[in-house]
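What follows is a single structure, written as structure tokens, with notes after it.
Computed from a prediction, not measured in an experiment: that's the story for all the values here.
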Amino acid sequence: MCGISGWIDFQRDLTREQPTIDGMCATMTCRGPDAGGTWVRPHAALGHRRLAIIDLPGGAQPMEAATPDGEVAIVYSGEAYNFTELRDELRRRGHHFDTDSDTEVVLHGYLRWGAQVAEHLNGMFAFAVWDTRTEQLLLIRDRMGIKPLYYYPTEQGVLFGSEPKAILANPLAEKAVDADGLRELFVMVKTPRQAMWSGMREVEPGTIVTVDRKGPREHTYWRLQAVAHTDDQETSVAHVRELLDDIVRRQLISDVPRCVLLSGGLDSSTITALAGLQLARSGEQVRSFAVDFVGQTENFVPDEMRATPDTPYVHDVAEHVGSLHQDIVLDPDALADPAVRRATVQARDLPLGLGDLDQSLYLLFKAIRGHSTVALSGESADEVFGGYKWFHDPQAQQADTFPWVAARTQPVRRTNTLSPDVAAALDLESYVADAYREAVSSVPVLDGESDFDRRMRQICYLHLTRFVRVLLDRKDRMSMAVGLEVRVPFCDHRLVEYVFNTPWSLKTFDGREKSLLRHATADTLPKSVVERVKSPYPSTQDPKYAAVLQRQVADLVAAGDPALSLLDQKWLREALAQDPTGIDQEARFTFERALDLSTWYDIHHPTVKL
């Protein structure tokens, strides 16, 4: 797992731009704390920061291959879980390897198959190949978008990086956010290609961007397709288990310590249990980590989203599986620490406003990094198997918008936190409506499908192409900010394709959410977890956290912080006037939004174009 960056310029001599190239690469140090390097030629510069996972001594990058017609160089981020099979195939075709790294396999795969190498890979990846033979740059991203990749077209070429900060380190890139970029900050919708920074684009999942003297162009090598599902219930359950066993086995491969993230829900518990079974065969004990908050279990209050605290279920799984388990317990001061907030906003490059969910995830990953370098996560199972409550809410099913927008009942996403002028300029309601129409228009159709099954296919597609990308991006940024590689078994494209095409009646055959997953793995889990109702990632309920935020925002207001001009001043004053012991959720969200915006302004000094 690494960070990549680069600069292609067909007019400029980049051998004279080493300080700028080094600066772009240096922004990725958190993603690759183990080593770094650059590869510079007159019109192409590639930068790499390495987090060593496979072949620790031999996988240094940038990596190049000499051919009779010229050099080919690669910078690669991610893991190809089938690299050993691909290496064997390439050896049979006459290729010679000097290392045991998956990067060299991908490089030789490009030499053999060209851009079609992407179709041969099983994994999470984002990489760039500069081919001096054709003077072309290829930017290639994995099918589900687990690993990030951005680019910024210039008059004479392109800038690219794993994160926007690598691109923004180049003086050719303007640190500006326009109206569409701001809209993305305030809606839970991931618009394709929208990088939020003006002029910057995100490489779409399953896409290859080719850059030459004619400019950039895109080619989609993978997208979800509608295919008739012919397996019966028993066969479908068995195949899901077969896939999961293979996926977890592959994703446990590592030359460094690995662990699992455990929340006590069905998804993470499944990964923990299957990892435990796999490792036990070689006499190894699986290690697990969970996040908790001081006093949360003892003082837990059920709400609409979370009916139960996580910790009792976490401990049931740890005991059942026999994992070497550790709870990472956080207090309000740690969650509200301005240094922690700055680290999370800097990691994301934007104030995306998920509040303590970002801070706690960052602190969890930071603690884990002291023990492990690789972690397996249960992320994305809800999107794949249909786990969220709104999947099963008739009103959300029938709504003419994104189901998670229709089902939103908590007040923490109200747009009246924006100033009236900003709210009018952004017109978020129309933006969401347009994004929804565009998203639905691309859903694949299966002939003969009932209206209901077609609608549920649409809802599943929206989650797999819009909703999950927000969560995957968050997971990547928070983990890589501390140099931790998080793998996402439920995003294996084979599993995604198979479950996407199972009819809704099979996804819910026991009258509950995630029927296929539950029945495929029930034999590995404690009964308490098999029967537990879906509960999202935890959030602190400690009123002290909100009270600390209130004091911090009051200081910003007193100092006349310019970032707060985006927010509704009347509403901000009312929130600040609330009793610190009884701050409501809407006020707490406003405080988190204000602090994120202020931190973002302080880090980047962006130009906001409305």
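Heavy-atom contacts from other residues, nucleotides or ligands closer than 6.0 Å to NZ of Lys389 number more than 12. Counting non-hydrogen atoms of neighbouring residues, nucleotides and ligands closer than 6.0 angstrom, the CD atom of Glu218 exceeds 12 such neighbours. Taking a 6.0 Å sphere around CG of Asp579, one finds it holds more than 12 heavy atoms contributed by other residues, nucleotides or ligands. Shown here is Lys175, whose NZ atom has more than 12 heavy atoms of other residues, nucleotides or ligands within 6.0 Å.
Using a 4.5 Å heavy-atom cutoff, the side chains of Pro216 and Arg201 are in contact. Using a 4.5 Å heavy-atom threshold, the side chains of Leu266 and Arg532 count as separate. Under the 4.5 Å side-chain criterion, counting only non-hydrogen atoms from C-beta, Arg457 is in contact with Leu446. No side-chain heavy atom of Met188 sits less than 4.5 Å from a side-chain heavy atom of Val405. Here the side chains of Pro338 and Gln552 are in contact, with some heavy-atom distance below 4.5 Å. Looking at Leu564 and Leu597, their side chains never come closer than 4.5 Å, going by heavy atoms from C-beta outward. Between Met478 and Val486, the closest side-chain pair of non-hydrogen atoms is not below 4.5 Å. Side-chain contact check for Val189 versus Phe467: every heavy-atom pair is 4.5 Å or farther apart.
Of the charged side-chain nitrogens involved, at least one lies within less than 4.0 Å of a carboxylate oxygen, so that Asp473 and Arg477 count as a salt-bridged pair. With respect to Arg593 and Asp596, no salt bridge is recorded, no charged nitrogen being found less than 4.0 Å from a carboxylate O. For Arg437 and Asp434, the salt-bridge test passes: some basic side-chain N is under 4.0 Å from an acidic carboxylate O. With respect to the salt-bridge test (charged N to carboxylate O, under 4.0 angstrom), the residues Lys514 and Asp267 qualify.
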>> As a quick check of understanding, evaluate salt bridge (Lys or Arg N to Asp or Glu O under 4.0 Å) for Glu204 and Arg469, giving each step before the final call.
In response: CA-CA 10 Å; Glu204 272 288 274; Arg469 293 182 187 177; 3.2 Å; yes
> Can you list the steps and then say if Leu472 with Ser380 is a side-chain contact (heavy atoms from CB on, under 4.5 Å)?
Replying inline: CA-CA 8 Å; Leu472 289 174; Ser380 307; 3.6 Å; yes
> So Met200 and Leu159, side-chain contact (heavy atoms from CB on, under 4.5 Å) or not? Walk me through it.
Replying inline: CA-CA 9 Å; Met200 195 180 299; Leu159 311 172; over 6 Å; no
>> Could you go through Glu513 and Lys507, starting from their C-alpha distance and side-chain angles, then the distance that decides it, and tell me whether this counts as salt bridge (Lys or Arg N to Asp or Glu O under 4.0 Å)?
In response: CA-CA 7 Å; Glu513 78 285 355; Lys507 290 187 175 79; over 6 Å; no
> Going through the checks in order, is the side-chain contact (heavy atoms from CB on, under 4.5 Å) test met by Phe402 and Val432?
Replying inline: CA-CA 8 Å; Phe402 296 101; Val432 172; 4.0 Å; yes
> Between Leu350 and Trp197, does a side-chain contact (heavy atoms from CB on, under 4.5 Å) hold up when you go through it step by step?
Replying inline: CA-CA 9 Å; Leu350 290 160; Trp197 291 96; 3.9 Å; yes
> Do Lys147 and Asp142 pass the salt bridge (Lys or Arg N to Asp or Glu O under 4.0 Å) test, and can you show the C-alpha distance, the side-chain angles, and the key distance before you say yes or no?
Replying inline: CA-CA 7 Å; Lys147 302 313 298 178; Asp142 67 67; over 6 Å; no
> Which is it for Asp510 and Arg512 under the salt bridge (Lys or Arg N to Asp or Glu O under 4.0 Å) test, yes or no, and what are the steps along the way?
Replying inline: CA-CA 6 Å; Asp510 62 356; Arg512 296 193 58 186; 5.6 Å; no
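Looking only at distances, a side-chain donor or acceptor of Gln296 sits under 3.5 Å from a matching main-chain atom of Ser539. Under the 3.5 Å distance criterion, the side-chain polar atoms of Asp349 are left unmatched by any main-chain donor or acceptor of Val345. Between the side chain of Ser450 and the backbone N or O of Asp453 there is at least one donor-acceptor pair closer than 3.5 Å. Judged by distance alone, the side chain of Gln578 and the main-chain N or O of Asp584 form a donor-acceptor pair under 3.5 Å. For the pair Arg183 (side chain) and Leu426 (backbone), a donor-acceptor distance under 3.5 Å is present. For the pair Glu592 (side chain) and Ala587 (backbone), a donor-acceptor distance under 3.5 Å is absent. Looking at Arg348, its side chain never comes within 3.5 Å of a backbone N or O of Ala343 through a donor-acceptor pair. Formation of a donor-acceptor pair under 3.5 Å by the Arg141 side chain with backbone atoms of Val203 is found in this model. Although no hydrogens or angles enter the test, the distance criterion places a donor-acceptor pair under 3.5 Å between the side chain of Ser269 and the main chain of Gly265.
For Ala396 against Arg455, the heavy-atom pair with the smallest separation is O-NH2, 4.1 Å. Residue Ala594 comes nearest to Leu556 through the heavy atom pair O-CD1, 4.2 Å, listed as atom of the first residue, atom of the second, then distance. Considering every non-hydrogen atom in both Met24 and Gly6, the closest pair reads CE-O, 3.3 Å. Annotation for Ala226 and Pro444: closest pair N-CB, 3.6 Å, computed over non-hydrogen atoms. Residues Gly264 and Ser268 share a closest heavy-atom pair of N-OG, 3.6 Å. Here the closest heavy-atom approach between residue Ala176 and residue Lys609 is recorded as CB-CE, 3.8 Å.
Taken from OH in Tyr150 to CE in Met196, the straight-line distance is 7.0 Å, to the nearest 0.5 Å. Going from atom CZ of Phe589 over to atom CG of Leu549 covers 12.5 Å, rounded to the nearest 0.5 Å. With rounding to the nearest 0.5 Å, the separation of CD in Gln346 from CH2 in Trp600 is 14.0 Å. Taking NZ of Lys475 as the reference point, atom SG of Cys491 lies at 10.5 Å (rounded to 0.5 Å). Remark: Met144 CE to Leu224 CG distance equals 7.0 Å, nearest 0.5 Å. Atom OG of residue Ser77 and atom CG of residue Leu149 lie 8.5 Å apart, to the nearest 0.5 angstrom.
A side-chain donor from one of Trp571 and Thr590 sits under 3.5 Å from a side-chain acceptor of the other. Remark: the Ser479 side chain and the Glu485 side chain contain no N/O donor-acceptor pair separated by less than 3.5 Å. Between the side chains of Thr311 and Asp292, a donor-acceptor pair is found at a separation under 3.5 Å. Side-chain atoms of Ser360 and Tyr537 include a donor-acceptor pair closer than 3.5 Å.
Using cut-offs of 30° and 60° for the angle between ring planes, the Phe391 and Tyr388 rings count as parallel. Ring pair Phe490/Phe385 is perpendicular by interplanar angle, where above 60° counts as perpendicular and below 30° as parallel. Relative ring orientation between Phe127 and Phe125 is described as tilted, the plane-to-plane angle lying within the 30° to 60° band. Using cut-offs of 30° and 60° for the angle between ring planes, the His392 and Trp504 rings count as tilted.
Sorted by first then second residue, the salt bridge (charged side-chain N to carboxylate O under 4.0 Å, His left out) pairs that include residues 541-564, not counting sequence neighbours, number zero.
Remark: Arg341 is not positioned above the aromatic ring of Tyr362, lacking an NZ or CZ atom under 6.0 angstrom from the ring centre and at most 45 degrees off the axis.
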